[in-house]
Amino acid sequence: MEVVIVKDAKAGGELIAGAIVDLLARKPDALLGVATGSTPLPIYDALVAQVNAGAVDASKARICQLDEYVGLPAGHPESYRATVLRQVVEPLGLPETQFMGPDGSAEDVQAACDAYDEALASAGGVDLQILGIGTDGHIGFNEPCSSLASRTRIKTLIEQTRIDNARFFDNDIDQVPHHVITQGIGTILDARHLVLLATGEGKADAVAQTVEGPISSLVPASALQLHRHATVVVDEAAASKLKLADYFRHAFDNKPDWQGI
Ligand SMILES: N[C@@H]1[C@@H](O)[C@H](O)[C@@H](COP(=O)(O)O)O[C@@H]1O
């Protein structure tokens with residue numbers, strides 16, 4: 001696992017957007033897994049700016065969702081499908097045919113989850129998966145004690161996550177669904193490159209446990225330690241509880257120029 005400590009969220013967004021541009025230069029139809037929440041927004045802003053400035057042709061890029069609420073009416077503005085369309089797919093000028101996600105309104109939820117895992121595999125697998133992290137260490141919506149081998153499935157949110165996400169629902173927790181579909185931790189680990197961005201002091205404990213703690217289903221993001229190509233990008237505040245922060249800075253500063261993240 002590589003840990004990169006950046007000055008702020010904007011710098012983190014630019015670094016990760018640069019890695020996506022490099023990926024698209026190598027593989028124009030790369031499948032890019034995107035996350036929701038506030039943290040990844042600087043990545044999408046920087047990516048759209050770099051693409052608009054001509055850094056790469058992103059017109060063949062494919063986008064896929066990490067997770068979804070269950071039971072929101074189709075087209076609800078806070079469904080993750082609507083969110084990703086608004087924040088990533090439309091700003092990049094991509095057609096909906098290049099976007100895939102699980103069906104959160106399916107009657108048979110497990111069949112929709114299985115279908116999504118199959119769709120990801122037959123699309124050739126995710127090339128780069130962007131991840132945020134919950135204050136409890138969750139990735140996607142894999143709450144603590146999710147199986148590290150889990151596949152896409154329905155989960156029940158813990159109360160803290162519903163409280164954290166109420167800000168997207170008029171600060172009314174009653175509007176936040178209890179159930180979600182999420183790529184499993186095993187599904188996430190199938191991606192070729194995992195890039196987790198965490199910013200702000202509120203994520204410092206979760207980041208320290210993810211990077212320096214034991215691999216444990218109690219901290220789902222710690223499963224990144226099992227991955228061959230995982231990059232954790234953190235700002236100074238989110239890095240504030242890392243014991244090896246100086247080493248991580250030294251290693252990044254001395255990387256060969258040709259080696260991206
Ligand atoms: N399902 C999403 C996660 O993918 C995201 O990482 C998390 C943190 O969001 P934020 O970045 O807003 O703190 O929120 C939700 O639970």
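Indexing begins at 1, ligand by ligand and atom by atom, following the structure's order.
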Just list the side-chain donor-acceptor pairs under 3.5 Å for residues 87-94, sequence neighbours left out, or say none.
none

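Atom 8 (C) of ligand 1 has as its closest protein heavy atom I133 O, 3.6 Å. If you check which protein heavy atom lies closest to atom 9 (O) of ligand 1, you get G37 CA, 3.9 Å. Nearest to atom 13 (O) of ligand 1 among the protein's heavy atoms is K203 NZ, 2.7 Å. G140 O, 3.4 Å is the protein heavy atom nearest to atom 3 (C) of ligand 1. What sits closest to atom 2 (C) of ligand 1 on the protein, heavy atoms only, is Y80 OH, 3.6 Å.
Test V34, N142, L131 against L66 for side-chain contact (heavy atoms from CB on, under 4.5 Å) and you get one pass: L131. Of the listed residues (Q183, Q129, R151), just one forms a side chain to side chain donor-acceptor pair (under 3.5 Å) with D190, and that residue is R151.
Under a 4.0 Å N-O distance rule, the pair K241/D205 qualifies as a salt bridge.
Not a single N or O atom of T161, backbone or side chain, sits closer than 3.5 Å to an N or O atom of ligand 1. For ligand 1, none of its N or O atoms has an N or O atom of L66 under 3.5 Å away. Residue-to-ligand polar distances keep F168 apart from ligand 1: every N/O pair is separated by 3.5 Å or more.
Aromatic rings of F169 and Y69 (six-membered ring for Trp) have centroids within the 6.0 Å cut-off, being under it. The ring of F141 has its center closer than 6.0 angstrom to the ring center of Y80.
Residue nearest to atom 5 (C) of ligand 1, selected from V180, D67, T36, D164: T36 (by heavy-atom distance).
When hydrophobic clusters are built by joining Ile, Leu, Val, Met, Phe, Trp and Tyr residues whose side-chain heavy atoms come closer than 4.5 Å, directly or via intermediates, M1 is grouped together with I133. Linking Ile, Leu, Val, Met, Phe, Trp and Tyr whenever their side-chain heavy atoms come within less than 4.5 Å leaves V232 and L15 in two separate clusters.
Between N254 and R249, the side chains place no donor N or O within less than 3.5 Å of an acceptor N or O (distance only, hydrogens not considered). Looking at Q160 and D164, their side chains do bring a donor and an acceptor atom within 3.5 Å of each other.
For ligand 1, the atoms lying closer than 4.0 Å to a non-hydrogen atom of S38 are 10 (P), 11 (O), 12 (O). Counting atoms of ligand 1 from 1 in the listed order, those under 4.0 Å from a heavy atom of H138 are 7 (C), 15 (C), 16 (O). Close approach to N165 involves these atoms of ligand 1, each under 4.0 Å from a residue heavy atom: 15 (C), 16 (O). Atoms of ligand 1 found under 4.0 Å from any heavy atom of F141, numbered from 1 in the order shown, are 1 (N), 15 (C), 16 (O). Interface atoms of ligand 1 facing G132, defined by a heavy-atom separation under 4.0 Å, are 6 (O).
The parts of T39 lying near ligand 1 are both backbone and side chain, judged by heavy-atom distances below 4.0 Å. Contacts with ligand 1 closer than 4.0 Å are made by side-chain heavy atoms of R167 only, the backbone lying farther away.
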